[in-house]
Amino acid sequence: KPYVNYFEPAKKIFIDDPGLTLHGYENLKISGRERTHLITKDRSKNVMVLENCNSIWLENLSLTHDVDEHFVTEILVLLHSKNITIENVALYGDGKIGLEAVGTENISLTNVNFTKNNGSHALKAHNCRNIQLTQCNFENNDLDSLIYANYSDVQFRNCNFKNNFF
């Protein structure tokens, strides 16, 4: 009788110390099946960092910290990268900053959920060009300010803002 594998792959990927950092990658697509979870249990680590990357596509992912404490680190960080596409991604839960971008250009976010980030900002951009958010949701965030853009241009199209507190 042939072996049949009935095992469903885990829908969570646990990322521990020091989180997931990609440096110098080009033309990379990270795509989850049915919203794959990337989780770190260390409150002092970012969930994902893209540094000096070009043409990166993230889709169908949920990035979060798995701790019960507020004011942990950033969830997703983009450093000196360009041509970043993020679609159908959730930046969820107790991140000090949901998405931080520094020196990055051409960031496209579509259907990205910024939910339950508690601390500084849902989106923080410094010295960035051409950030476009389309049909993104900002919900249940308790922050100093929702959006912080310093020397950056950010465009919003059909985004929803609900139950955010400052």
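As the structure is a prediction and not an experimental result, all values here were calculated from the model. The analysis underlying the following values was restricted to heavy atoms, covering all of them including side chains, and did not include hydrogens, waters or symmetry mates.
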Rounded to the nearest 0.5 Å, the CG atom of Leu123 sits from the CG atom of Leu146 at a distance of 8.5 Å
Any non-hydrogen side-chain atom of Leu99 less than 4.5 Å from a side-chain atom of Lys124?
no
One should read off an interatomic distance between Glu105 CD and His80 NE2, to the nearest 0.5 angstrom, of 12.0 Å
Worksheet item: Hey, are Gln155 and Asp153 close enough side-chain-wise for a donor-acceptor pair under 3.5 Å?
Response: no
### Query
So Tyr151 and His126, would you call those rings parallel, tilted or perpendicular, with 30° and 60° as cut-offs?
perpendicular
One should read off an interatomic distance between Ile97 CD1 and Tyr148 OH, to the nearest 0.5 angstrom, of 10.0 Å
Note: Gly98 and Ile75 closest approach over all heavy atoms is O-CB, 3.4 Å
So, Ser152 side chain and Arg129 main chain: donor-acceptor pair closer than 3.5 Å or not?
no
Shared hydrophobic cluster for Leu78 and Ile147 (ILVMFWY, side-chain gaps under 4.5 Å)
yes
In a table with atom names and distances, give each donor-acceptor pair under 3.5 Å that connects a side chain of residues 51-58 to protein atoms at least two apart or in another chain.
residue: Asn54; atom: OD1; partner: Asn83; partner atom: ND2; Å: 2.9

Sequence neighbours excluded, the answer for side chain to side chain donor-acceptor pair (under 3.5 Å) partners of Ser31 is Glu59
**Asked** So do the side chains of Val112 and Leu133 get within less than 4.5 Å of each other, counting heavy atoms only?
**Response** no
Rounded to the nearest 0.5 angstrom, the OG1-CG distance for Thr115 and Leu91 is 8.5 Å
Inset, instruction - Report yes or no: do Leu28 and Leu79 belong to one cluster of Ile/Leu/Val/Met/Phe/Trp/Tyr joined by side chain heavy-atom distances under 4.5 Å? - result: no
Could you tell me if Gln135 and Arg157 have a donor-acceptor pair between their side chains, going purely by distance under 3.5 Å? no
Between Phe138 and Phe156, is any pair of side-chain heavy atoms under 4.5 Å apart? yes
Between the CD1 atom in Ile30 and the OH atom in Tyr25, the distance rounded to the nearest 0.5 Å is 8.5 Å
| query | Hey, are the side chains of Asn60 and Val89 touching, using non-hydrogen atoms and a 4.5 Å cut-off? | reply | no
When rounded to the nearest 0.5 Å, the distance separating CD1 of Ile86 from CG of Leu76 is 5.0 Å
